[in-house]
S.K.: 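Below is a structure I'd like to ask you about.
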Amino acid sequence: MEAVLPGGAVRAFPRATPLSAIAEAFDPSLAGRAIAAVVDGVEKDIYLPLQQSGRLEFITPESPRALEIYRHTTSHLLANAVKDLFPEVKIGIGPATEEGFFYDFERAEPFTPEDLERIERRMREIKKADHPIRRIEQPKEEALAYFRKLGDNLKVELVAEKGGAVVSCYRQGNFMDFCTGPHLPSTGAIGAFKLLTVAGAYWKGSEKNQQLQRIYGTAFPTEDQLQEHLRLLDEAKKRDHRKLGPALDLFSVEETAGPGLIFWHPNGTIVRQILEDFWKEEHRRRGYQLVTTPHIARDELWRQSGHLDFYKENMYTFEIEEAGYVIKPMNCPGHSLIYKSRLRSYRELPIRYAELGTVYRYERSGVLHGMMRVRGFTQDDAHIYCTRDQIVDEIKGVLDLVITFLKTFGYDRYEIDLSVRDPAHLEKYAGDDTGWRMAEDALTQALESRHLSYIRREGEAVFYGPKIDVRMFDAIGRPWQGPTVQFDFNLPQRLGIQYVAPDRSQTPVVMVHRAIYGSLERFVGGLVEHYAGAFPVWLAPVQAVVLPITDRTLDYAREIQDLLRAAGLRCDLDVRNEKIGAKIRDAQIKKVPFMLVAGDREAQSRTVSVRSRREGDLGPMGLEAIRDRIAQMDGGRVLGP
RNA sequence: GCCGACGUAGCUCAGUGGUAGAGCAACUGAUUCGUAAUCAGUAGGUCGCCGGUUCAACCCCGGCCGUCGGCUCCA
């Protein structure tokens, strides 16, 4: 029997040699370090024997796959501990996740933070006991009988639904769970872990089912990695826009006015307006026409568009003089009315209508989240109306726009999803087959012509058309919902959006929805976290602050402020009777990019001592020089310090 | 909406049934100072809201509102 490693190394072994022994034979440094193996592409527990010749690969704690195995095994450890402490609890599912792991439990009493501590202590005891973790393959009936006897009805349901005639379970000490594996070879092999929170979660993710208690935790091979992860969580907390936003006086949410409604303060409004101006400029340049549509409209429009059927529970409606009205939850019907206000010829296509349109949507209270998920928000919405042979160019144009924006804001890592129909259920989609194929081809072609890699997601398209979604990653690597481009085969049909073709026939138009920011609220919230509140000069609400050392230089300081203001820069002046250290500290906390210290020396030489919020003291500079430097960073949309 | 936790001064947080506290911020005064907090004083609270228990409630109980962590849903 032969084992082949990825490097090509080959060795012979007696039949049924344990994988761990093979690992050690190949490379003594792997002894006790290999946590699992991949045999001919299938993951196996490390203590299992090799039954026939094959290609082998070993998973060590450093392997990318290792994390998931550690976490999954830790989730079993969690369930094991919970069962020990609360035998009456029924266990649900317990997978590894991106950030750690969880396990769902059914229990009448809620788990308290004290329970979590007890559970964690028990987990450590079981880890210390170092029980071997062993895979058991048994007839489905036996596994069912086992969980039935324990009264673990959730598990019984799972085993019954999944698995073939023979199912695999993993046993450690007195605890056994239904699982495909692989797992670490023993509880002692488990690394560093920590339980984090408990939350409600519906059984099998459906609101119709009972709600279970989900205990979240995270786990890593080493304590250092765990600590680093906790540090990152802490860093994310410091960047939280819900904390920084009000602290930097950007926005607030007012209980009196209602949840999910954003009040943009002067500082936030500066950032917002810069985004709006930049957006308008880029759109006009690319042949978009700006439009403005009303915030309310008769319900008839929404009946025609279909929203009253499929979007009703998200819409605010009211009645005036016996007529029903809707507060707009979307801009597309309005734009389409402008299109339809007269006959359109193929000669005027494509038509691109763009609007920073404020919409209101009822969102369930539990989903609201700072500026990210709100009930009133402004979409940077545009709709492209074109013919079928224009769509590839149009999509290319949108992608170019998207890339420009991502670059400008410093989102240099992103992923693209192409969501297409579920080939198994073509009947649930609006529009004709040729249209869908053309649209999908157009999206693909455009992506490829721009050399953008993407992930094709079958069945992820919405019912009215295929789409491209961009996921952008912020400065600390977290993903954010970014730009989106969607075809719509439904609305043109429902609203009769057509153009007169060269043969004089009325032809349905192709409609594309697209947004770059998504919503100004969400985008600005994202920027706050991306920059940790330290906006680049071009976006900073205050770009520079003049700090006089004493009242003697107050007039000189005013002069500097005026000079910068005259250049169109946003410059504050700290007139408080404070020591320079205190003024600097406060400017640092407000994350002002430049501090301009003006004391007697500077007044004498008509200079300022420049301090950068990131680089500290830069020494004295001439007034015009610093003004020009800041103006250059402003105009050039420089991202640096 | 559902499960759980939380809600005390502008902010961060003490306060376990007997008249509500600190630091920072604010205000006033003194100080005029060189790269992340000068000193002193003053003011600031129907303890989220409503109801109940009690001689007495920030504290115990119930309802509601809001926030947070999730689920579900989404720009």
S.K.: Give a yes or no on whether a salt bridge exists between A:Glu114 and A:Arg118, defined as a side-chain N under 4.0 angstrom from a carboxylate O.
M.R.: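 No, A:Glu114 and A:Arg118 are not salt-bridged.
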S.K.: Using the side-chain heavy atoms of A:Ile584, tell me which of these nucleotides is nearest: B:U72, B:U35, B:U32.
M.R.: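 Closest nucleotide among those given: B:U35.
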S.K.: For the side chain of A:Ala199, starting at C-beta, report the closest nucleotide among B:C73, B:G70, B:U38.
M.R.: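 Closest nucleotide to the A:Ala199 side chain: B:G70.
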S.K.: Salt bridge or not for A:Glu355 and A:Lys328, using N-O below 4.0 Å?
M.R.: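 Looking at A:Glu355 and A:Lys328, the cut-off is met.
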S.K.: What about A:Glu207: does its side chain form a donor-acceptor pair under 3.5 Å with the base of B:C2?
M.R.: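 Such a pair does not exist between side chain and base.
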S.K.: Considering every strand shown, what is the Watson-Crick or G-U wobble mate of B:C47 when both distances are under 3.5 Å?
M.R.: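 In the structure as shown, B:C47 has no Watson-Crick or wobble partner.
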S.K.: Please work out if A:Gln588 contacts a base, only the sugar-phosphate, or nothing of the nucleic acid, heavy-atom cut-off 4.0 Å.
M.R.: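 Touches a base.
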S.K.: Any salt bridge linking A:Asp555 with A:Arg558? Criterion: basic side-chain nitrogen under 4.0 Å from a carboxylate oxygen.
M.R.: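 A salt bridge links A:Asp555 with A:Arg558.
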S.K.: Kindly confirm or rule out a cation-pi arrangement of A:Arg71 over A:Phe220, judged by NZ or CZ under 6.0 Å from the six-membered ring centre and within 45° of its axis?
M.R.: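 Yes, cation above the ring, under 6.0 Å and within 45°.
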S.K.: Tell me whether the OP1 or OP2 atom of B:C71 has a side-chain N or O from A:Tyr216 closer than 4.0 Å.
M.R.: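 Answer is yes, contact under 4.0 Å.
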S.K.: Name the closest nucleotide to the A:Thr550 side chain, picking from B:C11, B:G34, B:C33.
M.R.: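 Nucleotide nearest to A:Thr550's side chain: B:C33.
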S.K.: Both distances under 3.5 Å, Watson-Crick or G-U wobble: report the partner of B:U53, or none.
M.R.: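 Looking at the geometry, B:U53 pairs with no nucleotide.
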S.K.: Between B:U35, B:G1, B:G66, spot the one nearest the side chain of A:Val597, thanks.
M.R.: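 The answer is B:U35.
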S.K.: Give the nucleotide from the list B:U38, B:G34, B:G69 with an atom nearest to the side chain of A:Thr197.
M.R.: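 Taking heavy atoms from C-beta onward, the closest nucleotide is B:G69.
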S.K.: Mark this stacking check for A:Phe377 against B:A75 as yes or no, applying ring centres under 5.5 Å and ring planes under 30°.
M.R.: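 Here A:Phe377 meets both the 5.5 Å and the 30° conditions.
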S.K.: If you measure from the C1' atom in B:U28 to the same atom in B:U35, how many Å do you get, rounded?
M.R.: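 Comparing C1' positions in B:U28 and B:U35 gives a spacing of 28 Å.
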S.K.: For B:C71, what is the paired nucleotide under Watson-Crick or G-U wobble rules, both distances under 3.5 Å?
M.R.: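 For B:C71, the partner nucleotide comes out as B:G1, under the 3.5 Å rule.
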S.K.: Any donor-acceptor pair, under 3.5 Å, between the side chain of A:Tyr202 and the base of B:G1, if you only look at N and O atoms?
M.R.: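 Indeed, a donor on one side and an acceptor on the other fall under 3.5 Å apart.
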S.K.: Please tell me if A:Arg214 has a side-chain N or O lying less than 4.0 Å from either OP1 or OP2 of B:G4.
M.R.: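 No.
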S.K.: Once you apply the 3.5 Å cut-off to both distances, tell me the Watson-Crick or G-U wobble partner of B:G10, or none.
M.R.: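 Across all strands, the one nucleotide that pairs with B:G10 is B:C24.
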S.K.: For the side chain of A:Gln211, counting heavy atoms from C-beta on, which of B:G34, B:C68, B:C71 is nearest?
M.R.: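 From the listed options, B:C71 comes nearest.
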S.K.: Hey, are A:Glu578 and A:Arg585 close enough for a salt bridge, meaning a charged N less than 4.0 Å from a carboxylate O?
M.R.: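 Judged by the 4.0 Å cut-off on N to carboxylate O distance, A:Glu578 and A:Arg585 do not form a salt bridge.
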S.K.: Quick one: is A:Tyr311 getting a side-chain N or O under 4.0 Å of the B:C74 phosphate, OP1 or OP2?
M.R.: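 The answer is no; no side-chain N or O of A:Tyr311 sits under 4.0 Å from OP1 or OP2.
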S.K.: Give a yes or no on whether a salt bridge exists between A:Lys407 and A:Glu282, defined as a side-chain N under 4.0 angstrom from a carboxylate O.
M.R.: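 The answer is no: the pair does not qualify as a salt bridge.
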S.K.: Would the base of B:U72 count as contacting A:Arg364 through its side chain, where contact means a donor and an acceptor less than 3.5 Å apart?
M.R.: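 A donor-acceptor contact between them is present.
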S.K.: Which nucleotide sits closest to the side chain of A:Arg522: B:A75, B:C68, B:C71?
M.R.: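 That would be B:A75.
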S.K.: Looking at B:G34, B:C33, B:G1, which one has an atom nearest to any side-chain atom of A:Ser609?
M.R.: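 Among the listed nucleotides, the one closest to the side chain of A:Ser609 is B:G34.
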S.K.: Classify A:Ala582 by what it touches in the nucleic acid, base, sugar-phosphate, or nothing, heavy-atom distance under 4.0 Å.
M.R.: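 Answer is sugar-phosphate: A:Ala582 comes under 4.0 Å of backbone atoms only.
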S.K.: Checking base pairs now: Watson-Crick or wobble, both atom distances under 3.5 Å. What partners B:C39?
M.R.: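 The answer is B:G29, by the H-bond criterion.
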S.K.: Just how far, in rounded Å, is P of B:U72 from CD of A:Gln210?
M.R.: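 Distance, rounded to whole Å: 14 Å.
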S.K.: Closest approach to the side chain of A:Val374, judged atom by atom: which nucleotide of B:G1, B:A75, B:G34 is it?
M.R.: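 The answer is B:A75.
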S.K.: Less than 4.0 angstrom between a side-chain N/O of A:His369 and OP1 or OP2 of B:U67, yes or no?
M.R.: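 No, no such contact exists.
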